[in-house]
Amino acid sequence: MFIFGHTGITIGAGMLIEAITNRQRKKEGLQESESNPPTGLRWKGRMPYQKDKPKIFPVGRWLDYRLLLIASLLPDIIDKPLGQVFLKNTFSYGRIYGHTLVFILITGILGMWVFKKRGNGWLLTMAFGSLMHDMEDQLWWWPQVLWWPLKGWIFPKEDLSSWLQGVFHAVITKPEAFIPELVGIGILALAAARVILNKRSQYALKTGHIN
């Protein structure tokens, strides 16, 4: 999957999960208005959480869609330059450390700790985006990468001499490549239209929330 597929589908998944988990917030009777936050609650951006006891759910408490755009590509941002350019002779592969389950677990655990201690969810957003990236890449078909180092310390290698040409060819000719790109573009367009039509553009840019 490529840029628009990763970013669009990840944003869509974030919106869906946020909508589902927001039901719990409604049951708790939490208010969404910044101008009238409930007594005894502290605020970070738009979403309230109980003082000194930040809760992971609903995910809107920590999910930042500005960062999620980056997080949806984070494994590639880390691995493509490292494995295909700077350390090409060592790895010669575009899916290494950033695509491993270890990377997601470490980022997620640290993210929960930072969120619990400081109410800052940026690392959780990064972990969620990285998890979605691996799912969209179907990394279970590459267990040597996903389960590293349980399957060994060495990553697979591939011929990168025509990698870029192969990317363009896949986007143009292969349905499994261009369909996710079209779906991603559609989701991004719908999300942008929703923000614009609701006149929340400045709010979204300032807070990272779109709901």
Side-chain angles (χ1 to χ4, degrees), residues 1-19 59 62-88 91-104 107-108 111 121-142 145-146 148 155-196 200-201 204-205 207-211:
M1 194 173 293
F2 304 110
I3 292 177
F4 292 111
H6 278 304
T7 54
I9 293 175
T10 300
I11 290 294
M15 294 172 65
L16 178 61
I17 294 172
E18 182 179 2
V59 300
W62 50 264
L63 190 60
D64 186 326
Y65 287 93
R66 299 167 302 179
L67 293 177
L68 190 58
L69 283 171
I70 299 172
S72 66
L73 299 172
L74 184 61
D76 282 344
I77 292 173
I78 294 172
D79 290 347
K80 289 297 191 288
L82 188 63
Q84 296 185 193
V85 180
F86 299 111
L87 297 175
K88 180 179 179 180
F91 294 110
S92 187
Y93 200 56
R95 293 172 176 170
I96 48 176
Y97 303 118
H99 284 77
T100 64
L101 190 59
V102 169
F103 175 79
I104 296 172
T107 307
W122 72 274
L123 265 177
L124 278 176
T125 298
M126 290 297 176
F128 175 70
S130 297
L131 174 62
M132 288 301 303
H133 184 104
D134 280 9
M135 293 176 64
E136 292 154 10
D137 274 356
Q138 302 179 45
L139 258 292
W140 48 85
W141 295 113
W142 288 267
V145 176
L146 182 64
W148 180 91
F155 291 102
K157 291 188 177 183
E158 62 182 355
D159 182 7
L160 299 175
S161 58
S162 58
W163 174 78
L164 192 58
Q165 295 92 320
V167 169
F168 285 113
H169 181 266
V171 171
I172 295 172
T173 63
K174 296 183 178 181
E176 63 269 27
F178 66 71
I179 289 179
E181 289 296 283
L182 294 176
V183 171
I185 291 172
I187 293 174
L188 291 173
L190 288 174
R194 179 178 179 179
V195 171
I196 294 171
R200 296 171 69 87
S201 300
L205 291 173
T207 67
H209 298 298
I210 61 178
N211 291 322

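It should be emphasised that the depicted structure is a prediction, and the values quoted were computed from it without experimental measurement.
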Does Trp62 offer a backbone N or O that forms a donor-acceptor pair with the side chain of Thr125 under 3.5 Å? yes
To the nearest 0.5 Å, tell me how far Leu131 CG sits from Glu136 CD. 9.0 Å
Val59 vs Phe128 side-chain heavy atoms within contact, under 4.5 Å: no
With a 4.5 Å limit on heavy-atom distance, are the side chains of Ile78 and Phe103 in contact? yes
Supply the atom-to-atom distance Lys174 NZ to Ile172 CD1, rounded to the nearest 0.5 angstrom. 12.0 Å
Do the non-hydrogen side-chain atoms of Thr100 and Leu146 ever get within less than 4.5 Å of each other? no
Taking all non-hydrogen atoms of both residues into account, name the closest pair between Ser130 and Leu74 and its distance. OG-CD2, 3.7 Å
His133 and Ser72, any side-chain heavy atoms less than 4.5 Å apart: no
So, taking the atom named CD1 in Ile187 and the one named CZ in Phe4, what distance separates them when rounded to the nearest 0.5 Å? 13.0 Å
Say whether, by atom type as modelled, one donor and one acceptor occur between the side chain of Tyr65 and the main chain of Thr207 under 3.5 angstrom. no
Can you give me the closest heavy-atom contact between Asp79 and Ile96, atom names plus distance? OD2-N, 3.0 Å
Hey, does Arg66 have a side-chain heavy atom less than 4.5 Å from the side chain of Trp122? no
I'd like to know whether the aromatic ring centres of Phe168 and Phe2 sit less than 6.0 Å apart in this structure. no
Between Thr10 and Gly129 the two heavy atoms that sit nearest each other are CG2-CA, 4.3 Å
Taking every non-hydrogen atom, the tightest pair across Leu123 and Gly111: CB-CA, 3.4 Å
Tell me if the CD1 atom of Ile3 is crowded by more than 12 foreign heavy atoms within 6.0 Å. no
So do Asp76 and His99 actually touch side chain to side chain, heavy atoms under 4.5 Å? yes
Separation between CG (Leu190) and CE (Met15), nearest 0.5 Å, reads 8.0 Å
Within a strict 4.5 Å, meaning less than it, do heavy atoms of the Leu139 and Met135 side chains meet? no
Would you call the rings of Trp148 and Phe155 parallel, tilted or perpendicular, where under 30° means parallel and over 60° means perpendicular? parallel
Atom pair CD1/OG1 of Ile185 and Thr7 - distance to nearest 0.5 Å: 8.5 Å
Might you work through the side chain to side chain contact (heavy atoms under 4.5 Å, CB included) test for Arg95 and Trp142, ending with a clear yes or no? CA-CA 9 Å; Arg95 293 172 176 170; Trp142 288 267; 3.6 Å; yes
From Met132 atom CE to Ile104 atom CD1, the distance as rounded to the nearest 0.5 Å: 10.5 Å
Show the numbers, then the answer: is there a side chain to side chain contact (heavy atoms under 4.5 Å, CB included) between Leu188 and Leu69? CA-CA 10 Å; Leu188 291 173; Leu69 283 171; 4.2 Å; yes
Under the side chain to side chain contact (heavy atoms under 4.5 Å, CB included) criterion, do Tyr93 and Lys80 qualify, and how do the steps go? CA-CA 8 Å; Tyr93 200 56; Lys80 289 297 191 288; over 6 Å; no
Glu158 and Trp163 have their tightest heavy-atom pair at OE2-CD1, 4.5 Å
If I compare all heavy atoms of Leu124 with all of Gly108, which pair ends up nearest, and what's the gap? CD2-O, 3.8 Å
Could you give me the CA-CA distance, side-chain angles and deciding distance for His209 and Asp64, then say whether side-chain hydrogen bond (donor to acceptor under 3.5 Å, both in side chains) is met? CA-CA 6 Å; His209 298 298; Asp64 186 326; over 6 Å; no
Do Arg200 and Ile210 make a side-chain contact, defined as non-hydrogen atoms from C-beta onward lying under 4.5 Å apart? no
